[in-house]
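Structure first, then comments.
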Amino acid sequence: MKNPWMSAWLSAANGLMAPARGQIMTEMQKSQRQMMLDWQRLWIESWLAMWFPAAPKGRKW
């Protein structure tokens, strides 16, 4: 047997959490994108340093 009070409470809670869930997902995606860009920069700098050891170091992207 379904509990109508529980159903109403869960519906209200879901309605309140939907905007927060969207903001959390946006922040997660932004953090993942930044992490991948940082990783790519590190990888590229490492390979360049290996192949061109005389190149100047500490280049700003």
Ignoring hydrogens and angles, write down the donor-acceptor pairs under 3.5 Å from the side chains of residues 16-32, residues two or more places apart or on other chains.
from : atom 1 : to  : atom 2 : distance (Å)
R21  : NH2    : N14 : OD1    : 3.2
T26  : OG1    : G22 : O      : 2.9
E27  : OE2    : K30 : NZ     : 3.4
S31  : OG     : E27 : O      : 3.1

Worksheet entry | Residue M50 excluded, over 12 heavy atoms near CE under 6.0 Å | yes
Practice prompt. Report the distance from atom OG of S7 to atom CH2 of W5, rounding to the nearest 0.5 Å.
Written response: 11.5 Å
Discussion item. Checking W51 now: which residues fulfil side-chain contact (heavy atoms from CB on, under 4.5 Å) with it, not counting sequence neighbours?
Written reply: W47
Worksheet item: Could you state the interatomic distance from CD (Q40) to CD (E45), rounded to the nearest 0.5 Å?
Response: 12.0 Å
